[in-house]
Amino acid sequence: MKLSKIYEPERYEEDIYALWEKSGAFAPKGKGQPFSVIMPPPNANASLHAGHSLTYVLQDIAVRYHRLIGDRTLYVPGADHAGFETQVVYEKQLAKEGKSRFDFSREELYSQIWDFVQTNKSGFEQQLRKLGISCDWEHFCFTLDAPVIKTAYSTFKQMWQDGLIYRGERLINYCTFHGTGFADIEVEYKEEQGALYYIRYPLTDGSGELVVATTRPETMLGDTAVAVHPDDKRYIKFVGKTVTLPVTNRQVPIISDSFVDREFGTGAVKITPAHDPNDYEVGLRHSLPSITVINFEGRMSDNLPEAYRELSVHDARLKIVKQLEKEGFIVKVEPLKHSVGHCYKCGTIIEPLLKDQWFVDMKPLAERAIANLEKDKITFFPANKKDQLILYLKNLKDWNISRQIAWGIPIPAFQNIDNPDDWIYDTQVQNETLTIDGKTYRRDPDVFDTWFSSGQWPFITLGYPDSSDFYEFYPNSLMETGVDILYQWVARMICLGLYVTGKVPFETVYLHGMVRSADGRKMSKSLGNVIPLEDTIKEFGTDALRLGIIAGRSPGDSSAYAPAKIVAGRNFCNKLWNIARYIENKVDDKRLDHTTAKPNTIADHWILSNLQRITTSVSEHLANYRFPEAYDELYHFVWDDLADWYIEASKYQTDDAVLLQVFEATLIILHPFAPFVTETIWQTLFIDKETLLIEQAWPSMLSYDEKLAAEFDQVKSIVTETRFIAGSLKTSDIKLHVLAEDFSASIELIAKLSKVKTVSEEVLTDSGFKLTQTVKAAWLDIDDNALKDYRKTLESKRISQIAVIAGLEKRLNNPEYTERAPRKIVKETRQQLESAKEILETIKKDSQKFSAVE
RNA sequence: GGGUGAUUAGCUCAGCUGGCUAGAGCAUCUCAUUUACACUGAGAGGGUCGGGGGUUCGAAUCCCUCAUCACCCACCA
């Protein structure tokens, strides 16, 4: 089969992926050491954009590399039901139909969303195939699969029994629009312009007043105290007295608590335990009652004076301020910038509200995680994220795992209808009520926070607790995910992994930065700057996207989607393609047994030397997860070494066997990065083997002679400098002289590559222009007058060469350097100085010719 | 308030444990047209590595400090 002139990815990619999938190449094979990656499951109803590709491509490169070096490699794909996220998407769809979640029971909603997800689910699977992701589809896992739920339940039960899970009334973060609570980390804080209201609270005994400052005057309806700092001389005399609250006329005590900041506001704080986390803590310390004045709909509650009932928080604030002003209780109002928590989906202000929920006591889990992190049981890329994670874990508060939504794993807990404190664990969640020993229990209507189950992903996906996969592939070798979910997900996987299995869930965490849009902003639907995956693939091909998206990116750092890098990737694939075409034409039907190739020419030795270097280097980079560095070196090996020099040389010094051998090895080491084009070429050039590139073994080395390889470097230098001079002189009509003893075998090669008219072995003793960049002797026989144009260049070369020598001499004249620096470095410096001096001599001699001319 | 990262060529960014005259892609300039490849080839130009200080024989790299930008966490009556 003949290859077309330009690589057209869309002609091959689909078939190539099908070929891999059909062959079973994605399943773990062989007896190598296990290497496992569990894919962070994409949302089941999601469509991936170009930015998403980064995570899967990085994982796939690691996976393909480990497969090639013979590891028993498992890459588990999955999908996330993404509880709240998905329900929000579905609710938006309902809204379009003029309906809302209130029109359905939770069971109805659940089954509707299930159908909704089923119809959308195939999207990302096809996208992953398009990206060439070599995951083992047989191992596919959805976060609502029965085994997942089973393990999540048994973990919940175990934690309950161990006293790590408790149910209690706490202030939780509540979105009144979506009607559910959130974990602390899910709240999005924004800096906002607000107002600080100074309000008079008269002492009940008429002996004066306290002025409190608040941003939320409406919550004063629920005040149960006023607090001052215990050391505050202004107020300490009031402690123990009471104030009479304006509007409600309730009497509340004045207490002292050191949490009060004397500098802020007036130094006197109204305490509303039911609506402020700090006040809640104060309330606990001082046994204050909690009065709820805002309900779960975000409106003022029924226990308030008629005028305020059912008002929105916003309206209530306006109304109460108006009333206070009228009655003379407002001292002043100051503008104040402060941060306010919002729902990360709808932007509604998060209300801290009292609610009974299930909580995980994170302290013991976090401590164990910290201990393991400090013992470096997990390697982080970038390394500094480990310390950040430890800091986070040290300050971790208890985790609210109850969600008031329909789409999720029902919490397996039932409450005695006659005794609210009597909760039992039971997994018969399909029943709304249970009757046990004559007592009736009602199911908790809530579901788990998605992260409670996905936090167990590294072992849940492997069939924990009693499967061979689990024994073989846990802990996972690599967890590659976004730096944005370090706390949200990685932290919880470590905590839960240690708790359930006793081991850290993975050996390495690689956190990629975010792919911002081309405009430098975050890529998001709402900003309208999303780059669709399909567009990029269609325009440039998958391999180009894979190469462009990983190029020049360091872990943990965000950087923009760079079309120029995708273009570079596309061009690179085309270059490779054309190397293959060249080889195809050259080798034709010779059926060379290239497996026993032996180097003949200096170019052969040189390319084998470079192949050895690049193979080792790519291995080292990939073993240490330095993806962009590996790609960068491969790019230059293929383009600069293989195409520009070796292939060019092969046009004059034929050695097809070595050429084929080198190209075969190149395809293998390049395969993890650009799987489609490499496999396509493999299937075309090596079809008679009936093998798949994806299943090849990492190349082993051919022997070569380092000295002969170095000879070729000399040839390169002569050719390069000759080209440069010829270019400056704008002529190729020059005669090149080289020392026969050094280059007799390469004369023709030098002539062809440097494109001069003739090359002679005649030695010019007193004429000719000596090349300066090589130690080996080579001259150009050029008319001195013609050379005049070259004077400037030579002069600037001379000056910079003198500077180089001065620098080297200064270094070597410093005894501190020669004594302290490693011997190897010093030796290198001496050699550099020597050759620098030689080059300067040549430049000087060449320069002198000009004085002769003038 | 605490923390992290960034600042290197016109643009986007690499530079791992300090050690050749600091690199890449794209862009720019010159030359090349029946070539495996114009998605090309041969060349060139372009940076006092944000400022200042320190450690070191040696600093883009380590430390301190300042500035600017970005992000994260906590608090914000």
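Note that these values count all heavy atoms, side chains included, but never hydrogens, waters or copies made by symmetry.
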Between the base of C37(B) and the side chain of K575(A), is there any donor-acceptor pair under 3.5 Å?
yes

With heavy atoms under 4.0 Å as the rule, sort R553(A) into base, sugar-phosphate or nothing.
nothing

Expected output is a numbered-order residue list: members of residues 560-569 of chain A with a heavy atom under 4.0 Å from any atom of RNA chain B. What is it?
A560(A), A564(A), K565(A), A568(A)

Whole-Å distance separating the CE atom of M514(A) from the P atom of A6(B):
16 Å

Please round to the nearest 0.5 Å and tell me the distance separating atom CZ of F673(A) and atom OG1 of T678(A).
11.0 Å

Within a 6.0 Å radius of atom NZ on K538(A), are there more than 12 heavy atoms belonging to other residues, nucleotides or ligands?
no

Below 3.5 Å between N/O atoms, which protein atoms pair up with nucleotides 43-49 of chain B? Just atom names and distances, please.
| unit_1 | atom_1 | unit_2 | atom_2 | d |
| --- | --- | --- | --- | --- |
| G43(B) | OP1 | R723(A) | NH1 | 2.9 |

Nearest-Å distance, CG (N814(A)) to C1' (U56(B))?
11 Å

Rounded to the nearest 0.5 Å, what's the gap from CD1 on I6(A) to CH2 on W577(A)? Could you check?
11.0 Å

Can you check whether any acceptor in the base of C39(B) is under 3.5 Å from a donor in the side chain of R570(A), or vice versa?
yes

Can you tell me if the side-chain N/O atoms of W639(A) get under 4.0 Å from OP1 or OP2 in A24(B)?
no

When you measure from the side chain of S554(A), which nucleotide among G5(B), A24(B), A14(B) comes out closest?
A14(B)

How is E648(A) classified with respect to the nucleic acid when contacts are heavy atoms under 4.0 Å: base, sugar-phosphate, or nothing?
base

Between A67(B) and C75(B), how far is it from one P atom to the other, in whole Å?
27 Å

Say whether T536(A) and Y561(A), considering side chains only, have a donor N or O and an acceptor N or O under 3.5 Å apart.
yes

In whole Å, what separates the P atom of C37(B) from that of U33(B)?
16 Å

When all nucleic acid strands are considered with a 4.0 Å heavy-atom cut-off, which category describes L196(A): base, sugar-phosphate, or nothing?
sugar-phosphate

So does R626(A) pair up with E633(A), basic N to acidic O under 4.0 Å?
no

If C37(B) has a Watson-Crick or G-U wobble mate with both distances under 3.5 Å, name it; if not, just say none.
none

Should U61(B) form a Watson-Crick or G-U wobble pair with both distances under 3.5 Å, which nucleotide is its partner?
none

Using a distance-only test with no angle check, is there a side-chain donor-acceptor pair under 3.5 angstrom linking S558(A) and K522(A)?
no

Pairs under 3.5 Å (N/O, protein and nucleotides 68-75 of chain B):
| unit_1 | atom_1 | unit_2 | atom_2 | d |
| --- | --- | --- | --- | --- |
| C75(B) | OP1 | K397(A) | NZ | 3.3 |
| C75(B) | O3' | N278(A) | ND2 | 2.9 |
| C75(B) | N4 | S339(A) | OG | 3.1 |

Which heavy-atom pair separates R262(A) from R234(A) by the least distance, and what is that distance?
O-NH2, 3.4 Å

Does T829(A) form a side-chain contact (heavy atoms from CB on, under 4.5 Å) with L808(A)? I'd like the steps, not just the answer.
CA-CA 7 Å; T829(A) 311; L808(A) 292 169; 3.8 Å; yes

Between the side chains of D279(A) and R216(A), is the shortest nitrogen-to-carboxylate-oxygen separation below 4.0 Å, so that they form an ion pair?
no

Once you apply the 3.5 Å cut-off to both distances, tell me the Watson-Crick or G-U wobble partner of C20(B), or none.
none

Please tell me which of the listed nucleotides, A14(B), G41(B), C13(B), lies nearest to the side chain of S559(A)?
C13(B)

Grab the CD1-P distance between I549(A) and C13(B) for me, whole Å please.
13 Å

Please state the P separation for the pair A59(B) and G19(B) - nearest whole angstrom.
11 Å

Return the pairing partner of G43(B) with a 3.5 Å limit on both distances, Watson-Crick or G-U wobble; otherwise return none.
C29(B)

Could you tell me the Watson-Crick or G-U partner of C69(B), where both distances fall under 3.5 Å? Say none if there is no partner.
G5(B)

d(CG, N578(A); P, U40(B)) in whole Å
10 Å

Rounding to an integer number of Å, can you tell me how far N571(A) CG sits from C26(B) C1'?
10 Å

Pair D257(A) + R285(A), salt bridge at N-O below 4.0 Å
yes

Between Q193(A) (side chain) and L336(A) (backbone), is there a donor-acceptor pair under 3.5 Å?
yes

